[in-house]
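Below is one structure, written out as C-alpha cells; the observations come after it.
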Amino acid sequence: MTSIADRIFPAPLASLAELEQRFPQRDLPEGAMVTRVGPSPTGFMHIGTLYTGLICSQFARQTGGVAFLRIEDTDRRRLVEGAEAFLIEAFKRYGVTFDEGADLDGSDRGAYGPYRQSEREAVYKACVKALVEKGLAYPCFATSEELDALREQQDKAGLRTGYYGQWATWRNKSEDEIHAALDAGKDFVIRLRAPGKHSRKIRFEDVLFGFRQMPENDHDVVILKSEGLPTYHFAHVVDDHFMRTTHVIRGDEWLVSVPLHLQLFEAMGWEPPAYAHIAPINKMDEGSRRKLSKRKDPEASVAYFEQQGYPRQAVIDYLLTLADAAFEPWKQENPDTDSLDFPMTFKGLKGSSGPLFDFVKLGNISRHYIASLSAQEVYDRALAWADAHDDALAALMRKDPEQVRSALDIERGGDTSRKDIETWADVSKEVSYFFDDHFALQADEARAMLSYLTADELAAMMGQYLEMYDPADDREAWFAKLRTLADQNGFALRPNDYKKNPDAYRGVVADVAKIFRVLLTGNERSPDLYSVMQVMGEDKVRRRIALVM
C-alpha cells in the first residue's frame with residue numbers, strides 16, 4: 001500500500017538533504033547576526049513593525065551580518081491589496097534597509113529566497129512530508145463542527161481547550177482509517193504529534209528576558225492547512241532554518257509560543273536560533289499603561305506620521321530613543337553622525353515594561369531636526385510633503401519661492417536656530433502671513449490684542465513710527481528707533497525700571513515690539529522681528545502698520 005506520506009504528497013519534493021545543499025550555511029564573520037523581519041501584508045503598517053525592522057537591521061549591520069525582509073503571506077484570506085508594496089516602500093522611505101528580501105517589482109534579492117512565504121510551498125511540504133514519514137506529524141480530518149463540539153465539551157468540564165491528549169481524535173487513528181478518509185476525499189490538515197506534557201516545564205534563555213521556564217507544548221497544532229500552505233508557527237521555523245537566521249528579534253507577544261517553536265525545531269532535528277523578545281511600544285490611557293492599538297490609536301500606523309508631516313529622520317531618531325536609552329546621549333555627542341551608526345546593544349534594549357510613546361518627545365526631536373536644516377532643505381522637503389498631502393500649502397510655496405525661502409531662513413543656523421516647526425504642515429503658519437491673500441487680521445482684532453493702548457494711542461504711535469521708519473536701517477539703527485518710540489510713549493526702556501514702578505509706565509520695550517508682531521504677522525509671537533520686516537519689504541510693512549491708523 002502506498003504510504004500515507006506519499007498519498008498526501010504525490011508530487012516529487014526535495015529531500016531535506018537537498019534543501020540543506022540548496023540553502024547552505026552562510027559564510028559570515030564570527031559573531032555576525034542574520035536577522036529577519038516578517039510582516040504580513042494584511043493591512044496598514046504598524047509602527048511596531050518599523051520599530052522591529054529598525055532594530056533587526058541595526059544589529060545585522062553593526063555585526064557584519066545580514067538582515068532580510070520576508071513577506072509572511074500564507075494567510076491568504078487576510079491579505080489586503082497593495083499592503084505588501086506599502087510595507088516595502090515604508091521601510092525604504094524611513095531608511096531601514098535590508099540586504100536581502102522581497103522587492104517592489106515582485107522579485108527577490110538574495111540567494112535564500114523566495115522571500116515570500118506563498119512562493120515557498122514546495123519547501124514547506126517537503127519538511128511536512130519528512131515529519132509524516134517519521135510519524136511526528138499526521139493528517140487530521142476533524143471538521144470545524146467536530147472541533148467546536150470538542151471545545152464545548154472541554155469548556156463544560158472546566159478543561160483547557162485545544163487539540164491534545166485524548167481530545168486529539170485523529171492522533172492515534174490507524175493507517176487503514178486514514179487511507180479510508182483519503183479515499184473518501186475528505187478535507188484534512190496536517191498536525192504535529194506533540195511529544196510534550198503540559199505538566200512538564202521547559203527552560204530556555206531569551207536574549208533579553210534571560211532564562212524562562214514555561215509548560216511544554218502538548219497541543220497537536222496544525223502545521224499545514226487544508227489549502228496546502230503552512231501555519232505561521234511552522235513556516236517561520238522552516239524559513240529561519242533554511243535562511244540561516246541566527247537571531248529572531250520579535251515582539252514579546254510571541255514569548256508564549258517559544259515552547260512550540262522549540263518543539264518544532266527539535267522535531268525537524270535543527271538547532272534553533274537565539275530568540276530576543278522586545279517589549280512593545282506602550283501609551284498611557286486614562287492613567288493606565290497599554291500597548292498601542294491599531295484600532296484605537298492613529299499613531300499605531302506608520303502612515304499617520306507621514307500624513308501629519310513628521311520628518312522621517314525624526315521618526316527614526318525617536319524610535320531609536322525608544323529602543324535604547326543610550327541613543328539620546330550618543331546623538332548629543334555625535335550630532336553630525338548618521339543615526340544608524342549608533343552602536344545598539346541588547347543590554348540597551350532590556351526592559352520588561354516597554355517604551356512609552358510620547359508625542360511631546362517626538363515633537364521635540366522633530367523640531368530640533370528641522371532646526372538643523374537649511375532654509376532650502378526645509379523648503380524642498382516641506383514642498384515634497386505638501387505635494388502629497390496639502391495642496392494649499394504646495395500652491396502657497398510655489399507662489400513666491402524666494403520669499404518663502406527667505407521667511408524660512410529667519411533665525412536659522414547655529415545653536416539658537418528657531419525651533420517653531422515641528423511638522424512640515426507647520427510651515428504653513430510660519431510663512432502664510434507673508435502673503436496678503438493669506439493675512440486676514442482686521443483692525444478691531446488687532447486693537448483687541450493690544451488692549452493696553454486705546455485706539456487713538458495705538459494710531460498715534462504707529463503714525464510716529466512710520467515717520468521714522470527706514471527699511472535701509474541696519475539692526476542697530478532699527479532697534480534704536482524702536483526704543484525711541486517706546487520712550488516717547490511712556491514705556492520703560494529697562495525691565496527693572498518697570499518692575500520697581502509699574503504704575504509709572506505703560507509697559508516695556510517688548511510690549512512695543514508686540515504691537516509690530518501683531519500688526520505684521522497677526523500673532524503675539526514671531527521669529528526675529530527685524531528679519532520679518534526685512535523679508536516683507538517696505539510696502540507691506542507700511543500697509544499693515546497703517547491698518548490701525
Side-chain angles (χ1 to χ4, degrees), residues 29 31-35 37 47-67 90-99 207-210 246-247 249-252 274 276-283 292 299 302 305 310-374 377-378 381 412-419 421-423:
M33 295 185 192
V34 180
T35 63
V37 182
I47 191 67
T49 302
L50 181 62
Y51 177 69
T52 304
L54 175 62
I55 293 170
C56 290
S57 180
Q58 284 289 96
F59 278 116
R61 180 187 299 107
Q62 66 191 33
T63 60
V66 173
F91 280 124
K92 289 184 176 181
R93 280 200 307 273
Y94 283 90
V96 177
T97 58
F98 300 100
D99 305 287
V207 176
L208 294 179
F209 284 86
T246 65
H247 290 74
I249 304 171
R250 60 187 182 183
D252 67 0
H277 292 87
I278 56 178
I281 300 173
N282 291 298
K283 73 174 295 183
L292 278 181
E299 67 269 30
V302 170
F305 300 93
Y310 285 98
R312 294 161 188 167
Q313 187 60 53
V315 174
I316 288 297
D317 284 359
Y318 180 60
L319 292 180
L320 286 169
T321 301
L322 292 181
D324 192 325
F327 172 75
E328 192 169 7
W330 176 87
K331 189 63 177 176
Q332 290 172 351
E333 293 176 7
N334 304 275
D336 299 324
T337 305
D338 190 324
S339 297
L340 297 182
D341 289 337
F342 166 66
M344 186 176 286
T345 65
F346 281 118
K347 182 179 179 181
L349 289 179
K350 284 189 175 180
S352 59
S353 60
L356 193 62
F357 195 93
D358 180 359
F359 269 111
V360 174
K361 183 71 172 179
L362 171 61
N364 186 49
I365 290 174
S366 187
R367 287 193 300 274
H368 277 77
Y369 171 71
I370 294 176
S372 72
L373 302 176
S374 69
E377 288 173 321
V378 175
R381 298 181 194 190
R412 186 161 296 280
D415 294 336
T416 59
S417 182
R418 60 192 287 193
K419 298 177 178 66
I421 300 176
E422 181 173 319
T423 69

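Given the structure is predicted, the values throughout are model-derived calculations rather than measurements.
The shortest non-hydrogen separation linking G354 to N282 is CA-ND2, 3.5 Å. Nearest heavy atoms, L320 versus S339: CD1-O, 3.7 Å. Listed here is the closest heavy atom pair of A323 and L349: O-CD2, 3.1 Å. Nearest heavy-atom pair across T63 and G31 is CB-O, 3.6 Å.
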Practice task
Check step by step if side chain to side chain contact (heavy atoms under 4.5 Å, CB included) holds for E299 and L362.
Solution key: CA-CA 12 Å; E299 67 269 30; L362 171 61; over 6 Å; no

Problem - Pair W330-D324, side chain to side chain contact (heavy atoms under 4.5 Å, CB included): steps then yes or no - result: CA-CA 10 Å; W330 176 87; D324 192 325; over 6 Å; no

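For the ring-ring contact (aromatic ring centres under 6.0 Å, His included) test, no residue two or more places apart in sequence or in another chain qualifies with Y94. With sequence neighbours excluded, the residues satisfying ring-ring contact (aromatic ring centres under 6.0 Å, His included) with F91 are F98. Shown here are the salt bridge (charged side-chain N to carboxylate O under 4.0 Å, His left out) partners of K92, two or more places apart in sequence or in another chain: D103. The salt bridge (charged side-chain N to carboxylate O under 4.0 Å, His left out) check on R418 picks up D420, E430, with sequence neighbours excluded. Every residue two or more places apart in sequence or in another chain was checked for a ring-ring contact (aromatic ring centres under 6.0 Å, His included) with Y369, and none qualifies. For S57, the side-chain contact (heavy atoms from CB on, under 4.5 Å) partners at least two apart in sequence or on another chain are R61, V96, T97.
N334 is not listed as a side-chain neighbour of F342, based on a closest heavy-atom distance of 4.5 Å or more. You'll find the side chain of T52 reaches within 4.5 Å of the side chain of I278, heavy atoms only. I47 places a side-chain heavy atom less than 4.5 Å from the side chain of L319. Within the 4.5 Å cutoff, the side chain of F59 has no heavy atoms near those of the H247 side chain. For the pair K331 and H368, the minimum side-chain heavy-atom distance is 4.5 Å or more. Here the side chains of I249 and L208 are not in contact, with every heavy-atom distance at 4.5 Å or above.
Within the model, atoms CG of L340 and CD of Q313 stand 6.5 Å from one another, a figure rounded to the nearest 0.5 Å. In this structure, OH in Y310 is found 15.0 Å from CD1 in I316, a value given to the nearest 0.5 Å. Interatomic distance, L50 CG to I55 CD1, rounded to the nearest 0.5 Å: 10.0 Å. Once rounded to the nearest 0.5 Å, the distance linking CD of E422 with CD1 of I365 reads 10.5 Å. With values rounded to the nearest 0.5 angstrom, D317 atom CG is found 10.0 Å from E328 atom CD. Here OH of Y318 is found 12.0 Å from OG of S366. Values are rounded to the nearest 0.5 Å.
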